[in-house]
2 protein chains.
Amino acid sequence: MFSKSTEYALRATIYIAQESNSDKKLSLNQIANAIDSPPSFTAKILQLLTKDNCIISSVRGPNGGFYITEDAKQLPIRKVLEAMDEQDLFIKCILGLNNCSETKPCPMHYQYQPIKKQLIKLFETKTILQLADPSQPANFLVNNSL
Amino acid sequence: MFSKSTEYALRATIYIAQESNSDKKLSLNQIANAIDSPPSFTAKILQLLTKDNCIISSVRGPNGGFYITEDAKQLPIRKVLEAMDEQDLFIKCILGLNNCSETKPCPMHYQYQPIKKQLIKLFETKTILQLADPSQPANFLVNNSL
DNA sequence: ATAATTAAGGACAAAAATACCTTTAATTGT
DNA sequence: ACAATTAAAGGTATTTTTGTCCTTAATTAT
């Protein structure tokens, strides 16, 4: 569905929203460890998410780290996809066509369109806050023993 | 959603099912031209689809080319994903976790699960024939002038 | 038989995604 | 001021994906 970068970005954002606030910041290593991602690569992802502090905020130095503001928690998760430049879901159809629509539909258009609509709705309406329920520690591990 | 390889594979399969039969075979160049894909790369994709002639059939030599049998048209399009080793949709969740389920759900599980179910149903129940039906649209061009 | 045609197969090239490492800058506490 | 800590930034390495090219094998028509 998404690139690893986007998966890490979504996991990191939700985890930070669950665990942090401006008084309790999370270090890169805490985050990478929690969301099961390579630390150095995760650093790059976090840099994208903190661009202009628009999704994630960060401060350097001792007791520094990453956190998210209450305002940013209200953003729809689509913003995370935008930050990662992951727009194919919104632009392309399931066969990879760019302008697949009612006027020039592909052979799978009528089958995929309703599903695409739900996916778009999910990312445009669900906020970071709605996905980050702090009442219980969430599962972010790629491989679980079931 | 899918890799370019898988997109080409789906487009090629549907196109071949629309246009060919054992008496009317399609050359590599006809196919690549129709589905808007790089010819040499498409050749590799077609090799995967013709493995054991299980989805697409081919014959070499003059008047040779690719075609699909009536039997193969009855296969669900999931078979194309299998041939391309594109299994993430069926295995992983939207955050990239392998064993995301009711017992250990990720933070997006309950939002994504119903959509994933529809996607799986689409690929497991729709046959190549159903998508290649003359009643279905037949546009395969990546960039349309709308 | 021979030549022409077409897919199959192998090697290789380019580009993109993923991952790592080192240095720099900011911040904090002493 | 200084040392310690932490993210930012830059460069590089590795792997995967995408794409090309050339040779081989099969088939057909002459």
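Every chain is numbered from 1 and lettered A, B, ... according to where its sequence line falls, protein lines coming before strand lines.
The base of D:dA8 is not paired with the side chain of A:Arg60 by any donor and acceptor separated by under 3.5 Å. A donor-acceptor contact under 3.5 Å is not formed by the side chain of B:Lys4 with the base of D:dG19. Scanning atom types as modelled, one donor and one acceptor separated by under 3.5 angstrom connect the side chain of A:Gln47 and the base of D:dA9.
For the OP1/OP2 pair of D:dT6 and a distance below 4.0 Å, the side-chain nitrogens and oxygens of A:Ser58 include no atom meeting the criterion. Residue B:Thr50 places at least one side-chain N or O under 4.0 Å from the OP1 or OP2 atom of C:dA8. In terms of phosphate contacts, B:Ser5 brings no side-chain nitrogen or oxygen within less than 4.0 Å of OP1 or OP2 of D:dT17.
Across all strands, B:Ile45 comes closer than 4.0 Å to no nucleic acid atom at all (heavy-atom distances). At the heavy-atom level, B:Ser27 lies under 4.0 Å from the strands shown only through sugar-phosphate atoms.
One atom, CG of A:Asp85, and another, C1' of C:dA17, lie 13 Å apart when rounded to the nearest Å. We find that NZ of A:Lys25 is positioned 17 Å from P of D:dT5, with the value rounded to whole Å. Across the protein-nucleic acid pair, B:Leu26 atom CG and C:dT6 atom C1' stand 13 Å apart, rounded to whole Å. Taking atom OH of residue B:Tyr8 and atom C1' of nucleotide D:dT20, one finds them 13 Å apart after rounding to whole Å. Rounding to whole angstrom units, OH of residue B:Tyr67 and C1' of D:dT27 are separated by 13 Å. The distance between atom CG of B:Leu28 and atom P of D:dA25, rounded to the nearest whole Å, is 20 Å. Taking atom CG of B:Asn63 as the reference point, atom P of C:dT5 lies 11 Å away to the nearest angstrom. The separation between B:Phe41 atom CZ and C:dA13 atom C1' is 13 Å, rounded to whole Å.
To the nearest 0.5 Å, atoms NZ (A:Lys92) and CG (A:Leu97) are separated by 8.5 Å.
A salt bridge does not link A:Lys4 to A:Glu7: none of the charged side-chain nitrogens sits closer than 4.0 Å to a carboxylate oxygen. Classification of A:Lys121 and A:Glu124 as a salt-bridged pair fails, no side-chain N sitting under 4.0 Å from a carboxylate O.
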Discussion item. The test is side-chain contact (heavy atoms from CB on, under 4.5 Å); show your working for B:Tyr112 and B:Leu119 and say whether it passes.
Written reply: CA-CA 11 Å; B:Tyr112 178 59; B:Leu119 277 168; 4.1 Å; yes
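Summary of the strand contacts: A:Lys44 and B:Leu46 both lie near DNA chain C, and taking for each the nucleotide with the nearest heavy atom, the more 5' one is attributed to B:Leu46.
A continuous path of hydrophobic side-chain contacts links A:Leu95 to B:Val142 [ILVMFWY only; heavy atoms under 4.5 Å].
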